[in-house]
Amino acid sequence: MPKHLTRRAFLGQTGTAAALAAANSNVWGKQANASARPMRLGGPIFLKSDDPAELAQEHRRLGYRAAYAPHVEVSDTERIKAIIKEYAARDVVIAEVGGFCNMLDPDPEKRRKNMAHVQDRLAVAELLGALNCVNIAGSYNAHFWCGPDPKNITPEFIDATVENCRHVIDAVKPTRTRFSIEMMPFNFPTGPDEYLQLIRKVDRKGFAVHLDACNVMNCPERMYHNGAVIDECFKKLGPWIASCHAKDLAWEDYVQVCLREVIPGRGQIDYRAYLRGISSLPKDAPLMLEHLKTAEEFDEGRHYIQKVAREMGLSFGAEGA
């Protein structure tokens, strides 16, 4: 946990938060009948407000029943309680706390600070009862925090990632949230089999899977057959999936392999396979839109995903969904 917060104080805050969130049936350890439960969709919102009630209501206005966590510090007990109360009152699950930074930065001091940041964000996720705190494994690339490097798929990288995940989880000891790693196109883990390897090596109950289907499509064969790859991800990783990211990929006209992230519906990602997998999971794993620029782009992506769901006889449990 963060150095400025004692273990006793952290546990006290966790107890207070847990009491407020006790009615939330989507916390870890509780499951529901997948076939009888609508999915959850979420994404960034553009409302300029710090009021948890207004923020939660804006999610519902957009047809969202899941949210990225509003920014809050681990010591801000009253704001944490207010977020939990207002979001739960509107059936908006906090899907993710972002802990994005390079846990394998080649600079030792930067790496130390980044590890402290991830630990802090996992502590916030635990207090909020968020489904997970998400990061990537990192990179040995000194210029781009998630960029390619030949060492990013080596035993050294894997062992360091295992140690980092264990360190973060063991420091916070989460029971109401999980720590998860995104698969990346050119950094371990790059696919479901590698993620299974990571799960076995980390060997912690507090570890989970965040699934970004687009990040797995790192070669022509996977992209050409992306529906089958998505099916494989859910088949192998389903019990550990905490949340998913929503975007799309389109081929660029170029002589080398080049895939560009685009608004959902403008690319070739098989969203029927994606929604089929999410709807089959035994617990809530919200689908979270990301990496778009404007409210209008998010609206377009949201409407496309909702349309595909309706065509499949699925629901996100909200108006227009």
Side-chain angles (χ1 to χ4, degrees), residues 39-44 66 68 95-96 98 100 132 134-139 144-148 152-153 180-196 198 208-238 240-254 256-281 285-294 297-309 316:
M39 300 175 291
R40 291 182 183 269
L41 185 64
Y68 292 109
E96 301 178 20
F100 294 103
N132 65 153
V134 186
N135 196 7
I136 66 168
S139 175
F144 183 29
W145 74 283
C146 61
N152 287 356
I153 54 173
S180 63
I181 294 291
E182 273 195 64
M183 290 179 279
M184 295 294 287
F186 32 69
N187 303 341
F188 178 90
T190 64
D193 288 331
E194 290 181 358
Y195 211 119
L196 283 175
L198 183 60
V209 172
H210 171 85
L211 179 59
D212 187 321
C214 289
N215 287 2
V216 186
M217 309 306 162
N218 61 354
C219 66
E221 183 176 6
R222 283 185 175 180
M223 185 60 183
Y224 288 143
H225 306 288
N226 71 81
V229 174
I230 292 169
D231 288 342
E232 181 187 6
C233 287
F234 282 100
K235 179 180 179 180
K236 293 180 176 179
L237 301 175
W240 296 279
I241 294 174
S243 64
C244 305
H245 277 166
K247 52 200 178 193
D248 210 336
L249 286 179
W251 292 98
E252 293 230 330
D253 294 331
Y254 192 62
Q256 298 296 331
V257 175
C258 187
L259 296 167
R260 183 75 60 184
E261 288 188 4
V262 296
I263 300 169
R266 295 194 184 188
Q268 286 81 49
I269 290 297
D270 185 346
Y271 262 88
R272 286 182 171 268
Y274 211 177
L275 297 183
R276 182 171 62 245
I278 293 171
S279 67
S280 71
L281 295 176
L287 181 61
M288 306 298 293
L289 286 150
E290 67 159 3
H291 289 184
L292 304 178
K293 296 178 180 178
T294 66
E297 289 184 348
F298 279 103
D299 286 345
E300 180 182 333
R302 182 179 75 254
H303 292 154
Y304 171 75
I305 293 170
Q306 291 169 335
K307 172 178 174 290
V308 174
F316 288 104

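No experiment lies behind these values; they were computed from the predicted model shown. Throughout, residue positions are numbered sequentially from 1 according to the sequence presented.
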Which pair of non-hydrogen atoms, one from E96 and one from C244, has the smallest distance, and what is that distance? OE2-O, 4.2 Å
A side-chain contact here means heavy atoms from C-beta on lying under 4.5 Å apart; do P44 and L292 qualify? no
Can you tell me how far apart SG (C233) and CD1 (I241) are? Round to the nearest 0.5 Å. 7.5 Å
Quick one, M39 and L287 - any side-chain contact, counting heavy atoms below 4.5 Å? no
Under the side-chain contact (heavy atoms from CB on, under 4.5 Å) criterion, do L289 and I305 qualify, and how do the steps go? CA-CA 10 Å; L289 286 150; I305 293 170; 3.8 Å; yes
Does some side-chain heavy atom of Y274 sit less than 4.5 Å from a side-chain heavy atom of V308? no
Residues A66 and M288: closest non-hydrogen pair is CB-SD, 3.7 Å
Compare all side-chain heavy atoms of Y304 with those of Y271 and state whether any distance is below 4.5 angstrom. yes
Contact between D231 and D270 at the side-chain level, heavy atoms closer than 4.5 Å - yes or no? no
Which residue is it: M217, M184, E290? I am looking for the one with a side chain to side chain contact (heavy atoms under 4.5 Å, CB included) to D212. E290
If we count only N and O atoms by modelled type, under 3.5 Å, do the side chains of E232 and H225 hold a donor and an acceptor together? no
With E261 as partner, the option from K247, R266, K293 fulfilling salt bridge (Lys or Arg N to Asp or Glu O under 4.0 Å) is K247
Any heavy-atom pair between the side chains of V134 and Y68 that's under 4.5 Å? no
Under the salt bridge (charged side-chain N to carboxylate O under 4.0 Å, His left out) test, residues paired with E221 that sit two or more places apart: none
Atom of N132, atom of S243 and distance for their closest heavy-atom approach: ND2-OG, 3.2 Å
Grab the two heavy atoms, one from N187 and one from P148, that are nearest each other, plus how far apart they are. OD1-CA, 4.2 Å
Quick one: closest heavy-atom pair of H210 and Y195, and the distance? N-OH, 4.0 Å
Reported CD1-to-OG distance for the pair I136 and S180, which is rounded to 0.5 angstrom: 12.0 Å
Could you go through I230 and I269, starting from their C-alpha distance and side-chain angles, then the distance that decides it, and tell me whether this counts as side-chain contact (heavy atoms from CB on, under 4.5 Å)? CA-CA 9 Å; I230 292 169; I269 290 297; 4.1 Å; yes
Around atom CG of L196, are there more than 12 heavy atoms from other residues, nucleotides or ligands closer than 6.0 Å? yes
All heavy atoms of V257 vs all of P220, minimum pair found to be CG2-CG, 3.7 Å
Mind checking whether F186 and N218 have side chains closer than 4.5 Å, heavy atoms only? no
Tell me, do L211 and I278 make a side-chain contact under 4.5 Å, heavy atoms counted? no
Check the angle between the aromatic planes of W145 and F100 and answer parallel, tilted or perpendicular using the 30° and 60° thresholds. perpendicular
With E182, which residues qualify under salt bridge (charged side-chain N to carboxylate O under 4.0 Å, His left out), at least two apart? none
Residues in side chain to side chain donor-acceptor pair (under 3.5 Å) contact with E194, at least two apart in sequence or another chain: T190
